Amino acid sequence: MEKKWWKNAVVYQCYPKSFQDSNEDGIGDIQGIIERLDYLQDLGIDVLWICPVYQSPMDDNGYDISDYYHVDESFGTDEDLDRLIGEAGKRGIRILMDLVVNHTSDEHVWFREALQDPGSEYADYYIFKEGVDGGPPNNWRSHFGGSAWEKAGDNRYYLHAFSKKQPDLNWENPKLREEIYKMINYWLDKGLGGFRIDAISNIKKNFQAVTFEPDGEDGMCFVGKGIANQAGIEVFLSELKERTFQPHNSMTVAEANVPEELLDHFIGENGFFSMVFDFSYADIDIPQTGEWYKPTNWTLQDLKRNMFHSQLETQKRGWGALYLENHDQPRSLNKYLPEGDINQYSTTMLASLFMLLRGTPFIYQGQEIGMSNILMDSMDDYNDPATKDQYQRAVNSGMSSEQAFELAGRRSRDNSRTPMQWSDEKNAGFSGAESTWLKVNKNYPEINVASELKNEDSVLNFYKKLIQLRKSGKYKNILTEGTFVPEETEDQNIIAYRRVSAEGEILAIHNYQNKESKMVLDGSGSWDKIFSNYGEMRTEGNHIILRAYEALALHCTDNCK
Ligand code: GLC
Ligand code: CA
């Protein structure tokens, strides 16, 4: 097997709960994914990342695992999962599972034992500390709001970086680490492609300070300050890799916002992971503390700078993972485009901007058909605990409930978790049930797979073409290996870059605005059009005329500067 097989892969992310329901209970399941494998094969992807399907009380939709070795009933059986791995394999698709090892569910047997008996060996699998002055051990605020400490006895507290039903594991304990490696190898031995690794930069905790500088009205400090990328984490991460991923030659993608000075350790030649997801342009619209009810006023220039910076820093060290969407983000159209500008051209322009970058692209379910955010009727329609927390914090900060609802909803993680839109049939073809676990977006009669398959100019067919370009034919190597080189443009609202390799050069041009523009093209070289989302390419002398939200890719056949 080629050592770095994932470099040429295109990954599709599936949120099982919302992908396809096969037994009419309104909840997506593994059998449903199997039924849609032909669609995925036809789309052209080679890796399928499925969000957690392990046993879970579903406080955080499966990111709270109560048994690492078994599939949750709502998703099907252990055999279903084996079948999925096998059926996907037959179609040339490898499965990435989600690895959640920063925390478990509070309903995991380890935690139950730990809670019941402070003297039990399992107590040291988690992080219990004494309270201070009648309060929690320190002033950390969890990702989902409120103190990151929950009381579990007289003056006994446990740490939870996320919800209180997700107690953090104690990686300092070698026994716990052994349990984790055993579990990972159990899954890898089944022939998985690898793992997407959840919240992994949080596994080393730093308890040096007792009180942290508050960063919010609540007097607390974001837990990330004390648990993200702390010194010493490299010891855990290299052991993890050596004991599990490395011997299996697995693909690993870490959810880890890594500071530049550490990037080498993460994705360098002997890095801990194959690649990492950085947050630099995905989170451009929210402050670093994650308070999304306080949106930032980002501009296109910020987006361009962050995107280029991320590309350049990543390629200096190794390989990157690309994404515009995932199950924690709202839909990219609503995030990256002005409201009135969402259309066929702008949507395909975003697709091109993303798919021609250097790195492995991750397409999130529904992104390939241009799904958009949902307008809920009330807070009761939301399922996501983080959305409810943001709403509450917005209200506490003095906002009206209408404004809080608007702001919490705009960024809600449920925007991307609504059921996949397959057709214009009942529940968008997702489920035959009376109602689905989360509402279906009302725009499904217009935006769905079945109708886009029939329309040659659809977003879906555009994605298919982009995937093909990366996977086969004469541009494959340039798009895989080619260096990313920013292209200067006079009009700052054009985002252009080159991909340059010994085999040739591709120039990708994106007119990121709702008006015509132009760009000088070096006259001495010869350029071939690979595609434009408008079809034809327009030129005038040595200028290319770019229409509103045009995406244009050119191949240099000779002497281009
Ligand atoms: C990651 C997941 C997110 C989850 C959190 C806690 O950020 O992507 O969905 O809520 O970890 O496990
Ligand atoms: Ca089901």
Side-chain angles (χ1 to χ4, degrees), residues 10-21 26-29 32-33 35-45 47-51 61 93 98 196 282 322-337 342-344 346-355 361-376 381-384 409-431 436-455 458-464 466-467:
V10 175
V11 186
Y12 189 88
Q13 182 191 351
C14 162
Y15 197 68
K17 210 170 172 180
S18 292
F19 196 55
Q20 178 67 59
D21 174 19
I27 299 172
D29 44 56
I33 305 176
E35 287 167 15
R36 295 296 184 179
L37 283 173
D38 288 340
Y39 166 75
L40 295 175
Q41 183 181 22
D42 180 55
L43 184 59
I45 57 106
V47 177
L48 178 63
W49 154 25
I50 53 170
C51 285
N61 283 334
I93 298 173
D98 218 305
R196 175 268 186 183
L322 309 167
Y323 68 105
L324 285 184
E325 294 184 11
N326 63 36
H327 63 292
D328 293 330
Q329 297 286 337
R331 291 292 181 178
S332 56
L333 305 183
N334 303 89
K335 184 196 298 178
Y336 294 118
L337 297 170
I342 300 176
N343 58 38
Q344 170 75 14
S346 57
T347 305
T348 48
M349 182 221 59
L350 267 187
S352 163
L353 177 63
F354 158 70
M355 289 288 291
F362 286 65
I363 300 169
Y364 179 72
Q365 68 182 45
Q367 178 184 335
E368 80 277 23
I369 57 169
M371 278 178 65
S372 58
N373 283 355
I374 187 165
L375 285 172
M376 295 292 196
D381 289 337
Y382 287 103
N383 168 278
D384 173 29
R410 187 189 299 177
R411 238 284 170 176
S412 170
R413 307 195 299 175
D414 284 341
N415 284 309
S416 58
R417 297 176 179 186
T418 62
M420 178 68 183
Q421 293 165 207
W422 295 104
S423 69
D424 60 5
E425 288 157 44
K426 180 179 175 188
N427 293 325
F430 160 71
S431 168
T436 53
W437 77 276
L438 194 64
K439 282 189 175 172
V440 176
N441 196 315
K442 289 197 184 84
N443 64 17
Y444 77 88
E446 294 83 53
I447 299 174
N448 65 67
V449 170
S451 71
E452 293 196 25
L453 280 174
K454 284 185 237 146
N455 171 3
S458 64
V459 175
L460 177 56
N461 280 317
F462 194 76
Y463 263 99
K464 273 191 175 176
L466 290 170
I467 295 170

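The structure presented is a predicted model; accordingly, all values stated were derived computationally and were not measured.
Ile33 places a side-chain heavy atom less than 4.5 Å from the side chain of Pro16. Between Val11 and Arg196 the shortest side-chain heavy-atom distance does not fall below 4.5 Å. Using a 4.5 Å heavy-atom cutoff, the side chains of Ile27 and Asp21 are not in contact. Two residues are said to be in side-chain contact when any heavy atoms from C-beta on lie closer than 4.5 Å; Ile45 and Val10 meet this criterion. Side-chain atoms of Met420 and Ser18, non-hydrogen and from C-beta on, never get closer than 4.5 Å to each other. When side chains are defined from C-beta on, Glu368 does not count as touching Ile467, because their heavy atoms never get closer than 4.5 Å. Here the side chains of Cys51 and Gln13 are in contact, with some heavy-atom distance below 4.5 Å.
A donor-acceptor pair is defined here as one N or O able to donate and one able to accept, closer than 3.5 Å; such a pair exists between the side chain of Asn415 and the backbone of Ile374. Distance alone, capped at 3.5 Å, places no donor-acceptor pair between the Ser332 side chain and the Glu325 backbone. A donor-acceptor pair under 3.5 Å is absent between the side-chain atoms of Asn441 and the main chain of Tyr444, judged by distance alone. Looking only at distances, a side-chain donor or acceptor of Thr348 sits under 3.5 Å from a matching main-chain atom of Gln344. In terms of modelled atom types and a separation under 3.5 Å, the side chain of Gln20 and the main chain of Phe430 share a donor-acceptor contact. No donor-acceptor distance shorter than 3.5 angstrom exists from the side chain of Asn443 to the backbone of Ile447, with no hydrogens or angles considered. Panel note: side chain Glu452, backbone Leu460; a donor-acceptor pair is recorded below 3.5 Å. A donor-acceptor pair under 3.5 Å links the side-chain atoms of Lys335 to the main chain of Ala282, judged by distance alone. Side-chain atoms of Trp422 come within 3.5 Å of backbone N or O of Phe19 as a donor-acceptor pair. When atom types are taken as modelled, the side chain of Asp414 and the backbone of Asn383 share a donor-acceptor pair closer than 3.5 angstrom.
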Check the pair Met371 / Asn448 against side-chain contact (heavy atoms from CB on, under 4.5 Å), numbers first and verdict last. CA-CA 8 Å; Met371 278 178 65; Asn448 65 67; over 6 Å; no
What do the steps show when you test Asn61 against Tyr15 for side-chain contact (heavy atoms from CB on, under 4.5 Å), and what is the final call? CA-CA 10 Å; Asn61 283 334; Tyr15 197 68; 3.0 Å; yes
How far apart are the C-alpha atoms of Asn343 and Met349, what are their side-chain angles, what is the distance that settles it, and do they pass the side-chain contact (heavy atoms from CB on, under 4.5 Å) test? CA-CA 10 Å; Asn343 58 38; Met349 182 221 59; over 6 Å; no
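Between Gly409 and Tyr382, the shortest heavy-atom distance links the atoms CA-OH, 3.2 Å. Nearest heavy-atom pair, Pro361 versus Met355, reported as atom, atom and distance to 0.1 Å: CB-SD, 3.8 Å. Of all heavy-atom pairs spanning Ser431 and Thr436, the tightest one is CB-CG2, 4.1 Å. When every heavy atom of Phe362 is checked against every heavy atom of Gln367, the shortest pair comes out as O-OE1, 4.1 Å. Nearest heavy atom pair, residue Leu337 against residue Thr347, reads CD1-N, 4.4 Å. Residues Tyr12 and Gly366 share a closest heavy-atom pair of OH-N, 3.7 Å.
Ile363 contributes atom CD1, which lies 11.5 Å from atom CG of Leu48 (distance to the nearest 0.5 angstrom). Here CG of Leu43 is found 10.0 Å from OH of Tyr463. Values are rounded to the nearest 0.5 Å. With rounding to the nearest 0.5 angstrom, the CD1 atom of Ile342 is 8.0 Å from the CG atom of Asn373. Between the CG atom in Leu324 and the CZ atom in Arg331 there is a gap of 11.5 Å [rounded to 0.5 Å]. In this structure, CG in Asp42 is found 3.5 Å from NZ in Lys464, a value given to the nearest 0.5 Å. With values rounded to the nearest 0.5 angstrom, Gln365 atom CD is found 11.5 Å from Ile50 atom CD1.
Considering Arg413, Arg411, Lys17 in turn, Arg413 is the only one that fulfils the salt bridge (charged side-chain N to carboxylate O under 4.0 Å, His left out) rule with Asp384.
When the shell of 6.0 Å around NZ of Lys426 is examined, it contains more than 12 heavy atoms from other residues, nucleotides or ligands.
Ser458 meets the side-chain hydrogen bond (donor to acceptor under 3.5 Å, both in side chains) test with Asn461; sequence neighbours excluded.
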